[in-house]
Amino acid sequence: MIIDSHLHISYLKKQKTFTTIKRDLLNLMTKNKVDYAIVIPDNVPNPQCADLDELSKLVKNEKKLFMIATLAITKINKSNLARIDTMFKEKEAIGFKIFPGHDPIYPTDKRWLPIILLCQKYKLPFIIHTGVNSGHPEVAKYNDPKYIRDLALKFPKLKIIIAHYFWPKLDYCFEMTEGLPNVYFDTSALADPEVIKDSGGIKKIKDILVKTIKRRQDSIIYGTDWPICSFEKHINLIKALPISNELKKDIFFRNSLKLFPIKK
Ligand SMILES: [Zn+2]
């Protein structure tokens, strides 16, 4: 079984409807034997990437697709919190993602508190975008793992997933997350050629994943960041890791099944 815990319903260059992209996604999943996918919306209106409202229509009645909730920090108010609460309660959304670095907002910003409490209440993960944006290394100051460390220590019951391993500074991210049993990593974008090159090569990526899974067996979940990154490259990256088949199964699906309530 494979669960892709991080992808988007979006298009890159050629304009497509979200319904067409969803069909392409489901076909690609069948072709690559991916059983379930967790779709992450954009937190601002974006004609190229489905947002919360679009996505809840798109994944409804799709047995293989699940979704994450998100909100811009300025949109956290009583009515939106009630909506997220209902989405969590009904398992319409199975986690919440924030985008520090896309937004000039820190993970430790106090305005996230009601969202964090909702994630804890429903035992759903809080996902944090990390790393540089292409051509904009300065944005990584907002998602520095030192803040994630503070958050993880302050909320030991909160399950935190770090997306993109704070590329290109993988070693620093590994060190900053030492001794934090509530911090997890997804593999999204780690098989992307630019990410590999800037992070010190494919051996470096593999080494950090092996070190991480050996440090704590449940700490890595599989994700791609499709359509920006490829299904095949990410599947091949995990298959090529010098670890046991059991650990590969943990990455491909078992750890996700522990973190997310995947059933419809
Ligand atoms: Zn992504």
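In this text, all values refer to a predicted model and were calculated from it rather than measured experimentally. In each ligand, atom 1 is the first atom listed, and ligand 1 is the first ligand listed.
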Whether the Y122 and D85 side chains hold a donor-acceptor pair (N or O, under 3.5 Å, no angle test) is what I'd like checked.
yes
For Y11 and F18, take the angle between the two ring planes, folded into 0 to 90°, and tell me which bin it lands in: parallel under 30, tilted 30 to 60, perpendicular over 60.
tilted
Side chain to side chain contact (heavy atoms under 4.5 Å, CB included) between L190 and Y165: does it pass, once the steps are laid out?
CA-CA 8 Å; L190 296 182; Y165 221 113; 4.1 Å; yes
Could you tell me whether a side-chain N or O of D42 sits under 3.5 Å from a main-chain N or O of C49, the two making a donor and an acceptor?
no
Mind listing the closest non-hydrogen atom pair of A163 and T130 along with its distance?
O-OG1, 2.5 Å
May I ask you to say whether D144 pairs ionically with K169, meaning some side-chain N is under 4.0 Å from a carboxylate O?
no
Closer than 2.8 Å to the Zn ion (ligand 1) - protein N, O or S atoms, ordered by chain and residue number
H6 NE2, H8 NE2, D225 OD1
